There are 2 protein chains.
Amino acid sequence: MRLESFPGNYETRKHSSFQVYGENVSITVVDVAKKATVSVTTVSRVLNNQPQVSPERRQRVLAAMEELDYKPNQVARDMRRKTAGRKTGQIAMMLINLDDYTMHTAFMMQYIHGVQQEIAEAGQKCIFVTWNDEFGDDTIPQILLDGEIDGVVTKGFPCTEIGKQWLNRYPKIILNPPVAPPDYDCVMVDYEAGIRDCITYLASLGHRRIAFVDMQMFHCKLLGYRRAVDELGLDADEGLIQTRDIIPPLKSESDLDWAIENLWSLSEPPTAILSNDYYCSAIYHALAERGLKVPDDVSIIGYDNAVDHCEALKPKLTSVDIEAVELGRLAAKQLLDRIRKPQGSHRKICTRGKIVERKSVRKL
Amino acid sequence: MRLESFPGNYETRKHSSFQVYGENVSITVVDVAKKATVSVTTVSRVLNNQPQVSPERRQRVLAAMEELDYKPNQVARDMRRKTAGRKTGQIAMMLINLDDYTMHTAFMMQYIHGVQQEIAEAGQKCIFVTWNDEFGDDTIPQILLDGEIDGVVTKGFPCTEIGKQWLNRYPKIILNPPVAPPDYDCVMVDYEAGIRDCITYLASLGHRRIAFVDMQMFHCKLLGYRRAVDELGLDADEGLIQTRDIIPPLKSESDLDWAIENLWSLSEPPTAILSNDYYCSAIYHALAERGLKVPDDVSIIGYDNAVDHCEALKPKLTSVDIEAVELGRLAAKQLLDRIRKPQGSHRKICTRGKIVERKSVRKL
DNA sequence: TTGTATGCGTTATCAC
DNA sequence: GTGATAACGCATACAA
């Protein structure tokens, strides 16, 4: 194959894709340039959709690419880009200090899915990393040390100084933290609004005495409850609020007989109960022991929409879906924004969730 | 800063880290070489832990790295590696055609965690990708097309021809497929063994009439049931087997009254029931309606150990944990093996799970 | 054991 | 519009 009509001079090239060299022969811009009788520069321009290429030549290049089944070497591109002070096109999805409870929760999966989707649509890559403080500082993921990524979406936060330091090197978004940290971008569920939606929903079905039962991280929710009850002019009986504060990992503490006991000691018991999906299971149980039927005697509405669980209960539990996939997407979207524009004040984005109707609520 | 005593000649280098060039000045091997008064080659060798460097020089290099706070440019290394026909050090964790059910399941999270851990420990990176056939072929993740990865751990399998093609370009491990595909490496839960363990466990507590209730993908489990009952000489009453086959996404079909009905029509009802975690919820309910108490009247044992769910039930459900994290680790480990040794017959690795004791089983 | 020189695939610069 | 060429940061034949 002679190359007379071909403008570039690539004599220095030690091998072309036409001669087998080792075993990993790959088609490069040089090969495409040869085939299309243009320079590598032109090929690169076509590759990057730059305007200053004549339609005719662009065609030739595209045809050559097609014919040779050319695939750009992403790693090489990344290198040029990165060293040109640009971005690597990689972001990390970090799960830091995941406790066993979170580990067994389906939300995480949805968060990750959402993040990945959004990142992929932006043509970037999502590198997945889990890390715990107890692993020790010498196990900090290489990727974070390398600076190979443009930013981080993190669920959880490192507690060690060193951990904080490396995380702080990057633009980052905190995914649904239990409490919103100041000076960070984060994306979170607006539990308050979600609960208000629940109350509004129940009120629209004629419920006026709605109980609030919870044992964990319920302060936002309780706020929403109080506001909604107030705004809608429902019965604001403090006896309808049954809470206990337990330490997070003890979600397994599922006995809620005391709550039902208290509620049904009221002169007028509630017609509806609001709680968390998993607590609802205990509530069903406690109600059954008293001979109370759901939803005939009491309506129940859960929070989190743990689908398997809600569907497994009898009757199936109506619950508030926090839309975790969407939350993941929002986090990724905001991260990409932040990477583009590192300055600017921090933002907190909230989603309010959506009620998924099943069989545990009835119209009065 | 004069460089007399320095062996290399880097006059061609257009900028060093000592002069600001643009804004992205980074320390490179050249800088380290200068500082340590050695050649880049030596620096590179130290970087790669190659033996043929004198301790004294190695020391100098390490000191220089430390002093300059040198961070290798991973992208550049990747490029060399890749183009040298070696590996990229990246593997992909793919979730293909995830249905809504799987999406809401906590296992996935654990699989991913396990895979990531193992990959990280091997010093590699795990890129996370989700993809569905319905997205269309033009949305195939760039990363798979680029050939930037060494292999794939996949949960799920593409149905389109094109999808299969790109997946087939890589060494891959299938993660717990519903049925073991021939000619593929895979890692899966040995449901049969898990069920046998359950039966053995129940038998050790004195149970001889154990019911098997399931509605989905239960054939392996049923096999395990039959074998164990046979081997242990327990009551092999076909009436104890209550199954119906439903279409997978309909796991929400949670009514199992018919099963309990049938079971308690037997001349001698079972003393223990074996099922899936979520079905157990319906079983609890059906039993309660008949006034039967768990575990006093019947022992119940679930499968999958959906922690939240098991802990939410009353009494808390004893269940078989499939050890999904471990499964993920095994998958990653096997993938790394396969990448190193592309030839060789395909392997199926099984894990048998572990019984997590809670409150739903009692000794007879 | 150590250093020189060159290549990896792509893009940026600059001259035409 | 187009092309020649020098980087990018690292690794490695080959020479010493």
Side-chain angles (χ1 to χ4, degrees), chain A residues 6-17 21-22 24-33 36-58 60-61 70-86 88 146-148, chain B residues 6-17 21-22 24-33 36-58 60-61 70-86 88 146-148:
Chain A
F6 139 69
N9 171 12
Y10 303 111
E11 301 305 316
T12 54
R13 187 153 202 269
K14 290 305 179 294
H15 75 267
S16 87
S17 64
Y21 193 86
N24 255 60
V25 258
S26 55
I27 313 290
T28 74
V29 273
V30 177
D31 300 306
V32 175
T37 0
V38 297
S39 72
V40 279
T41 312
T42 303
V43 174
S44 178
R45 285 188 179 122
V46 172
L47 213 56
N48 293 284
N49 276 320
Q50 291 179 26
Q52 71 266 44
V53 182
S54 69
E56 187 264 340
R57 297 196 144 209
R58 182 181 299 271
R60 283 223 308 275
V61 172
Y70 165 75
K71 308 245 186 289
N73 180 329
Q74 198 60 40
V75 183
R77 305 184 79 178
D78 284 349
M79 175 170 137
R80 281 311 271 126
R81 290 195 188 139
K82 185 186 171 187
T83 53
R86 300 232 241 92
T88 64
D146 290 342
E148 267 179 280
Chain B
F6 141 68
N9 170 12
Y10 304 111
E11 302 303 317
T12 55
R13 187 152 201 269
K14 290 306 177 295
H15 75 269
S16 86
S17 66
Y21 193 86
N24 256 60
V25 258
S26 55
I27 313 291
T28 75
V29 273
V30 176
D31 299 309
V32 175
T37 357
V38 298
S39 74
V40 279
T41 313
T42 304
V43 175
S44 178
R45 287 188 177 123
V46 172
L47 214 54
N48 293 285
N49 276 322
Q50 291 180 27
Q52 70 265 45
V53 182
S54 70
E56 187 263 339
R57 298 198 145 209
R58 182 181 298 272
R60 284 225 304 277
V61 171
Y70 166 74
K71 308 245 185 291
N73 180 331
Q74 198 60 38
V75 183
R77 305 184 80 178
D78 285 347
M79 176 171 134
R80 282 306 272 116
R81 287 193 192 142
K82 187 187 169 185
T83 54
R86 300 234 241 90
T88 63
D146 291 341
E148 268 179 278

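So you know, we letter chains A, B, ... as the sequences are listed, proteins then strands, and number each from 1. All heavy atoms count here, side chains included; hydrogens, waters and symmetry mates do not. Quick caveat, the model's predicted, so the values are computed rather than measured.
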Contacts of B:Arg45 and B:Ala76 projected onto DNA chain D by closest heavy atom; the upstream (5') one is B:Ala76
For the pair made of CD in B:Gln50 and C1' in D:dA11, what is the distance, rounded to whole Å? 9 Å
Which whole-number value in Å describes the distance from B:Asp31 CG to D:dC8 C1'? 13 Å
For B:Val43, report the nucleic acid contact type (base, sugar-phosphate, nothing); a contact means any heavy atom under 4.0 Å. nothing
Identify the heavy atoms of A:Thr28 and A:Tyr70 that sit nearest to each other, and give their distance. C-CE1, 3.6 Å
If you compare all heavy atoms of A:Gln50 against all heavy atoms of A:Arg58, which two are closest, and at what distance to 0.1 Å? O-NH2, 2.7 Å
Taking OP1 and OP2 of D:dA11, is either one under 4.0 Å from a side-chain nitrogen or oxygen of B:Asn48? yes
Rounded interatomic separation in angstrom, taking CG from B:Asn73 and P from C:dC8: 19 Å
Take atom NZ of B:Lys71 and atom C1' of D:dC10, then tell me their distance rounded to the nearest Å. 17 Å
Tell me what A:Thr42 touches on the nucleic acid: a base, only sugar-phosphate, or nothing, going by heavy atoms under 4.0 Å. sugar-phosphate
Go through the side-chain N and O atoms of B:Thr41 and B:Ser44 and say whether any donor and acceptor fall under 3.5 Å apart. no
Which of C:dT2, D:dC10, D:dT2 is nearest the side chain of B:Gln52? It is C:dT2
Picking from D:dA11, C:dT2, D:dC10, which would you name as closest to the side chain of B:Ser44? D:dA11
Could you give the CD1-to-P distance, from A:Ile27 to C:dC8, as a whole number of Å? 14 Å
Check the distance between C:dT11's P and A:Leu47's CG and give it to me in whole angstrom. 5 Å
Would you please confirm or rule out a distance under 4.0 Å between OP1 or OP2 of D:dG1 and any side-chain N or O of A:Arg57? no
A:Ala33 and A:Val40: which non-hydrogen atoms are nearest, and at how many Å? CB-N, 3.8 Å
Partners of A:Ala36 by side-chain contact (heavy atoms from CB on, under 4.5 Å), sequence neighbours excluded? A:Val38, A:Arg60, A:Val61, A:Ala64
Can you measure B:Arg60 atom CZ to C:dT2 atom P for me and round it to whole angstrom units? 9 Å
Quick one: which of D:dG1, C:dT4, D:dA11 gets closest to the side chain of A:Ser54? D:dG1
With respect to the phosphate group of D:dG9, does any side-chain polar atom (N or O) of B:Thr28 fall under 4.0 Å of OP1 or OP2? no
Is a donor-acceptor pair below 3.5 Å formed from side chain A:Thr41 to base D:dA4, judging by atom type as modelled? yes
